[in-house]
Q: 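Sharing a structure below in structure tokens format, with a few things to ask.
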Amino acid sequence: MANPLYDTLFGIHADKSTPFLHLSDGTTVTHADFLTLAARFAHALTNAGVTPGDRVAAQIEKSPQSLALYAACVQAGIVFLPLNTAYTVSELTYFIENSGARLLVCDVAKEAELSPMAVSLGTETLTLNADGSGSLSDRAQDCPDSFDTVARHSDDLAAFLYTSGTTGRSKGAMLTQKNLLSNAKTLAAYWEFSDADTLLHALPIFHTHGLFVATNIALLSGSAMIFLPKFDLDAVLRLMPQATAMMGVPTFYTRLLADPRFTRELTAHMRLFISGSAPLLAETHSQFEGRTGHRILERYGMTETNMNTSNPYTGERRAGTVGFPLPGVELKITDPSTGEVIPDGKVGQIEVRGPNVFKGYWQMPEKTAAELRSDGFFITGDLGTVDDDGYVHIVGRNKDLIISGGYNIYPKEIELVLDAHPDVLESAVIGVPHADFGETVVGVIVPAPGRTPDLEAIALTTTTALARFKQPRKLISVDELPRNTMGKVQKNLLRDAYRDIFAAS
Ligand code: MCA
Ligand code: AMP
């Protein structure tokens, strides 16, 4: 038995001295070098007692080594669990405990605060730093440079990605080898990636977009990547002339457009710009075309499903739409209350089915059953419509979600933290328009009876509980929250009331 994901993405490059990662210091990691690194890591993981099916959690900076840890996990049949580097100890504790991770890999700078928590949960800790050093690398150094790939079935788990929920509890989305591989194959073909491409990679690699969409496609098609530690405008502008394609969240494109150095000449040789993870404003789409002559290709996906729809590579890339269902993906628009299909042109909830759709939420059968129908359709929580030409439009969300700079933020999680403060009776967290991040977080609180809330002190409590990107950028105190006759908080009224407070940021 083989290991389809490893064989198809990584194994095909064995012994090839072709360039894989171009780094910002001018050096290049070849495919062969990368696979050697991955094989040594696979030995180090196995020597540490990690066995196939175990979870390895990683909160590490983006580097060739951190990407090699992903490859090592795939090769050794280990479930890879990447975590946002912004998460706090409190958030990490939940992920480690819930996933039952066997091993946590973190930066040495975080080891002192994370290790006691990991020990208490029976999880070993190793370190991997941004420069590639650390105890994992030390252990890998003398290991053999090849590793016997562990056989896996296409339905075996390859990765866990945690996604928050409307109840405030994060859920581990279980992604199989087939989920990842089928989507990579579809996208690489749909977007015509080849070994002639160089992908400008400035996304983080702890989410679907940067890890699976970008990296898996590059691996599958033999493309090289300009592998930047993060989105750094100067570096992106400097290195774009060496790239043929770029993937980004809308913030990447608005930041580029705000810089006069971003010109038609700079992008003349580029083949493709792709946007996703958050809505791309039609205005950004047309400004981009006006400046560069390129039409950004927008696509739509989720952690649970990988990519579902895409505008066409050849054919009209229609602004304000997310294109057509990808080959092999079925999409229907249903009535949220009955689940019945509703006619084209009408707005309803988007449901999708295909080999891309995940296996369920880790140890949460009720939540899985609530969102993944027994016939395989996944209820995305997005509201949309399909126009006469078949283009899918996302018009809203049936879930309480804020997307800031491409990161998903579930208000409930923040409301639970605010509500726990003694000065707070209740709270409502909303997303308001923000020029850079698309949306940003505002917390509206009602003081507890007889208390005068100290907003700065309340804000401080969010800093230990929540990653920086989730922390409200503004707290507002009101006498009461607007409610409908059913007693439900009317967040739309709050959004309307505060929609301009960050408009010019
Ligand atoms: C950083 N900060 C943020 C965000 N990022 N705050 C809100 N939202 C954010 N996204 C904080 C920093 O901690 C800092 O806090 C302050 O904002 C300013 O930081 P800045 O230097 O401007 O930020 P940055 O480092 O340049 O990052 C912005 C970014 C980054 C480049 C937009 O967030 C990013 O790379 N986003 C991509 C996310 C992504 O890959 N999403 C895909 C998810 P302080 O106040 O302390 O200074 S996968 C997905 O959604 C699905 C499957 C899909 O369809 O793809
Ligand atoms: P995540 O939970 O990080 O996987 O984010 C998935 C959510 O991001 C989707 O359910 C959508 O609400 C949103 N999303 C992703 N791509 C797009 C897009 N191109 N346009 C609008 N929303 C998007």
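One-based numbering, in listed order, for ligands and for the atoms of each.
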Q: For K171, give me all partners under salt bridge (Lys or Arg N to Asp or Glu O under 4.0 Å), at least two apart in sequence or on another chain.
A: E371

Q: Which residue from R299, E298, H393 reaches closest to atom 20 (N) of ligand 2 through any of its heavy atoms?
A: E298

Q: Under a 4.0 Å heavy-atom limit, does A278 contact ligand 2 with its side chain, its backbone, both, or neither?
A: backbone

Q: Using atom types as modelled, flag every donor-acceptor pair under 3.5 Å from a side chain in residues 236-245 to any protein atom, sequence neighbours excluded.
A:
| residue | atom | partner | partner atom | Å |
| --- | --- | --- | --- | --- |
| T244 | OG1 | D197 | OD1 | 2.6 |
| T244 | OG1 | T198 | N | 3.0 |
| T244 | OG1 | T198 | O | 3.3 |

Q: Quick one: list whatever passes side chain to side chain donor-acceptor pair (under 3.5 Å) with T334, sequence neighbours left out.
A: Q349, E351

Q: At less than 4.0 angstrom from any non-hydrogen atom of I403, what atoms of ligand 2 do you find?
A: 8 (O), 13 (C)

Q: May I ask you to check if ligand 2 and Y410 share an N or O to N or O distance below 3.5 Å?
A: no

Q: Does any non-hydrogen side-chain atom of T215 lie less than 4.5 Å from one of M225?
A: yes

Q: Between N356 and N308, is any side-chain donor less than 3.5 angstrom from a side-chain acceptor?
A: yes

Q: Give the protein residues with at least one non-hydrogen atom closer than 4.0 Å to an atom of ligand 1, ordered by chain and number.
A: L203, P204, H207, T208, H209, K230, F231, V249, T251, F252, R255, S277, R299, G301, M302, T303, M307, S404, G405, G406, Y407, F437, R468, F469, R473

Q: Could you list the atoms of ligand 2 found under 4.0 angstrom from a heavy atom of T303?
A: 1 (P), 2 (O), 3 (O), 4 (O)

Q: Decide whether the shortest distance between a heavy atom of S277 and an atom of ligand 2 is less than 4.0 Å.
A: yes

Q: Give yes if a backbone or side-chain nitrogen or oxygen of Y300 is under 3.5 Å from a nitrogen or oxygen of ligand 2, and no if not.
A: no

Q: Heavy atom of I394 under 4.0 Å from ligand 2?
A: yes

Q: Test your reading of the model: is there a side-chain donor-acceptor pair from T309 to the backbone of V322, 3.5 Å cut-off?
A: yes

Q: Which ligand 2 atoms are under 4.0 Å away from a heavy-atom of P279?
A: 20 (N), 21 (C), 22 (N)

Q: Just checking, is any N or O donor in the side chain of Q287 or Y253 under 3.5 Å from an acceptor N or O on the other one?
A: no

Q: May I ask whether K399 places a heavy atom under 4.0 Å from ligand 2?
A: yes

Q: When only distance counts, is E304 in polar contact with ligand 2, meaning an N/O pair under 3.5 Å?
A: no

Q: Per the side-chain contact (heavy atoms from CB on, under 4.5 Å) rule, which among I402, T303, I403 passes with N408?
A: I403

Q: May I ask you to decide if the ring planes of Y94 and Y162 are parallel, tilted or perpendicular, using 30° and 60° as cut-offs?
A: perpendicular

Q: Could you check Y70 against F206 for ring pair (Phe, Tyr, Trp, His ring centres under 6.0 Å), going step by step and ending with a plain yes or no?
A: CA-CA 10 Å; Y70 161 55; F206 40 67; over 10 Å; no

Q: Please test R318 against D387 for salt bridge (charged side-chain N to carboxylate O under 4.0 Å, His left out), starting from the C-alpha separation and ending with a verdict.
A: CA-CA 11 Å; R318 198 171 281 184; D387 70 21; 3.2 Å; yes

